[in-house]
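So you know, we letter chains A, B, ... as the sequences are listed, proteins then strands, and number each from 1.
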Number of protein chains: 2
Amino acid sequence: MPRLKERTPELRDRVLRVAVPMLEAGGVSGFTARRLAAQAKTSTPALYELFGDKGGLVREVFFEGFRMLRRRFDTLDDTPDPRADLVQVIGAIRSFVRDNPVLAEVMFSRPFADFDPGTDETAAGGSVREFIVGRVRRCIDAGVIEGNETDIAHVLLALTQGLAGQENAGWLGTSESSVDRRWALAVNAALDGLGPATPRARRAQS
Amino acid sequence: MPRLKERTPELRDRVLRVAVPMLEAGGVSGFTARRLAAQAKTSTPALYELFGDKGGLVREVFFEGFRMLRRRFDTLDDTPDPRADLVQVIGAIRSFVRDNPVLAEVMFSRPFADFDPGTDETAAGGSVREFIVGRVRRCIDAGVIEGNETDIAHVLLALTQGLAGQENAGWLGTSESSVDRRWALAVNAALDGLGPATPRARRAQS
DNA sequence: AGCAATAACGTAACAGCGTCACGATATGGC
DNA sequence: GCCATATCGTGACGCTGTTACGTTATTGCT
């Protein structure tokens with residue numbers, strides 16, 4: 001007897017497909033429920049039925065960001081050099097952040113007061129982290145670096161996130177070359193320091 | 001003939017002294033012009049005369065954060081071990097972020113849509129960066145690490161910021177011990193990798 | 001003393017936000 | 001053709017940042 005439902009999972013998908021480019025184009029402050037509803041040719045109450053609240057909406061964009069990053073990893077190909085492959089994945093994260101700075105802020109920072117990614121949402125990056133752990137493991141197996149693969153992945157991800165955040169904010173340097181140089185220095189130093197038989201590294205265990 | 005001005009630099013200081021604890025207590029979303037005005041026993045138009053707009057207000061809190069961090073550095077004392085001193089300053093940043101998580105977000109992240117620290121505001125951290133550069137230089141002079149002091153300071157700060165951000169978000173680990181372990185691993189690996197005569201490190205130059 | 005001129009004050013308004021109650025609406029069954 | 005009902009979107013609420021504007025207090029002059 002009622003009318004046909006329009007607030008379906010299909011609408012949800014359409015909204016999300018509109019949301020990501022709109023976030024990137026309009027920035028955090030331009031990302032409002034009303035504007036998104038208008039742009040997706042629906043109403044604000046529809047958004048609230050589909051996503052609960054603004055935080056739920058941002059949460060889905062957050063998840064979509066990690067899916068996009070993971071998809072970018074699929075375009076990378078393995079080489080015989082495990083260390084180069086690990087450097088490559090870090091470079092892929094860097095270029096992702098440069099291509100999608102606002103989305104990256106949602107993923108790695110907390111620009112929306114309504115959405116605080118907690119430990120639950122950590123799992124969203126799980127598939128991303130798995131990929132990195134895989135490449136870390138190959139380095140460990142090859143004897144390029146030593147230690148616990150999870151710990152090392154965390155460290156490399158933190159370093160990458162810190163560098164990307166600083167580059168994004170324009171703090172890492174003014175010229176392209178100095179920024180590149182610092183990226184290279186950081187990544188190489190970290191990998192070298194994680195390598196085997198570095199005398200001082202033994203301190204970490206004691 | 002007019003009445004006496006109350007919106008003086010003194011009021012400005014009083015507002016800022018109220019603002020920092022209020023931000024930390026109420027979080028980003030609780031930090032509103034009205035609430036701050038009420039708490040500082042003044043009016044919202046007074047805030048706008050003193051700070052221009054909300055962004056200007058947050059900007060001052062941002063500056064105050066760096067002053068606080070710098071003041072914390074002054075409580076540190078030099079030891080004969082330059083490497084230990086460098087580790088110590090990184091630890092000081094970590095504890096600062098743990099003690100003032102919301103303020104740290106304002107300083108290192110961009111939780112307010114109204115305030116984007118740009119290259120101008122980079123200078124605010126200048127005095128903080130100088131301190132770190134000083135400790136880096138001591139390490140270079142002692143032969144503990146090698147390279148350009150500014151580049152190295154940038155790298156260490158990026159690493160610290162990345163780790164602190166992840167710890168703050170609860171992403172660095174669930175147990176205190178795993179978080180500590182990853183901090184130690186990261187800092188030691190970076191310093192080791194920046195050290196002299198590490199064969200692979202030469203790659204960075206080529 | 002009392003008044004006028006003037007500058008500083010804060011109330012109250014505006015647009016826009018997240019959110020949701022509720023009246024309007026469209027549909028299938030009788 | 002009409003009713004019942006589930007679904008829709010208009011419009012409202014309280015909040016935000018921001019500011020116009022009427023109110024108020026003060027000083028100098030008569």
Taking N and O atoms by type only, does the side chain of B:Arg34 place a donor or acceptor under 3.5 Å from a partner on the base of D:dG17?
yes

Tell whether A:Arg7 reaches the base of D:dG9 with its side chain through a donor-acceptor pair below 3.5 angstrom.
yes

Between A:Ala33 and B:Ala46, which is nearer to the 5' end of DNA chain C once each is assigned its nearest nucleotide?
B:Ala46

Drop me the distance from [X]'s [atom1] to [Y]'s [atom2], to the nearest 0.5 angstrom.
X: B:Asp78; Y: B:Arg135; atom1: CG; atom2: CZ; answer: 4.5 Å
X: B:Ile140; Y: B:Ile145; atom1: CD1; atom2: CD1; answer: 5.0 Å
X: A:Trp171; Y: B:Glu121; atom1: CH2; atom2: CD; answer: 9.0 Å

What is the distance, rounded to the nearest whole Å, between atom [atom1] of [X] and atom [atom2] of [N]?
X: A:Lys41; N: D:dG9; atom1: NZ; atom2: P; answer: 13 Å
X: A:Leu57; N: C:dT19; atom1: CG; atom2: C1'; answer: 13 Å
X: B:Leu50; N: C:dG10; atom1: CG; atom2: P; answer: 11 Å
X: B:Lys54; N: C:dG16; atom1: NZ; atom2: P; answer: 18 Å
X: A:Phe31; N: C:dG18; atom1: CZ; atom2: P; answer: 9 Å
X: B:Lys5; N: C:dT6; atom1: NZ; atom2: C1'; answer: 13 Å
X: B:Phe112; N: D:dG17; atom1: CZ; atom2: P; answer: 9 Å
X: A:Asp53; N: C:dC20; atom1: CG; atom2: C1'; answer: 13 Å

For the side chain of [X], counting heavy atoms from C-beta on, which of [options] is nearest?
X: A:Arg35; options: D:dT19, C:dA8, C:dC17; answer: C:dC17
X: B:Pro2; options: D:dT10, C:dT6, C:dA24; answer: C:dT6
X: B:Glu6; options: C:dT19, D:dT18, C:dC9; answer: C:dC9
X: A:Pro45; options: C:dC17, C:dG10, C:dC20; answer: C:dC20
X: A:Thr32; options: D:dT10, C:dG18, C:dT25; answer: C:dG18

Is a side-chain donor-acceptor pair under 3.5 Å present for B:Arg34 with B:Thr44?
no

Is any side-chain N or O of A:Tyr48 closer than 4.0 Å to OP1 or OP2 of C:dC20?
no

What class does the angle between the rings of B:Phe131 and B:Phe73 fall in, given that below 30° is parallel, 30 to 60° is tilted and above 60° is perpendicular?
parallel

Mind checking A:Asp114 for me? I need base, sugar-phosphate or nothing, with any heavy atom below 4.0 Å counting as a touch.
nothing

Sorted by position of nearest nucleotide on DNA chain D, 5' first, the leading residue of B:Gly30 and A:Ser43 is A:Ser43

Given that B:Leu4 and B:Ser29 both sit by DNA chain D, which one's nearest nucleotide is further toward the 5' end?
B:Ser29

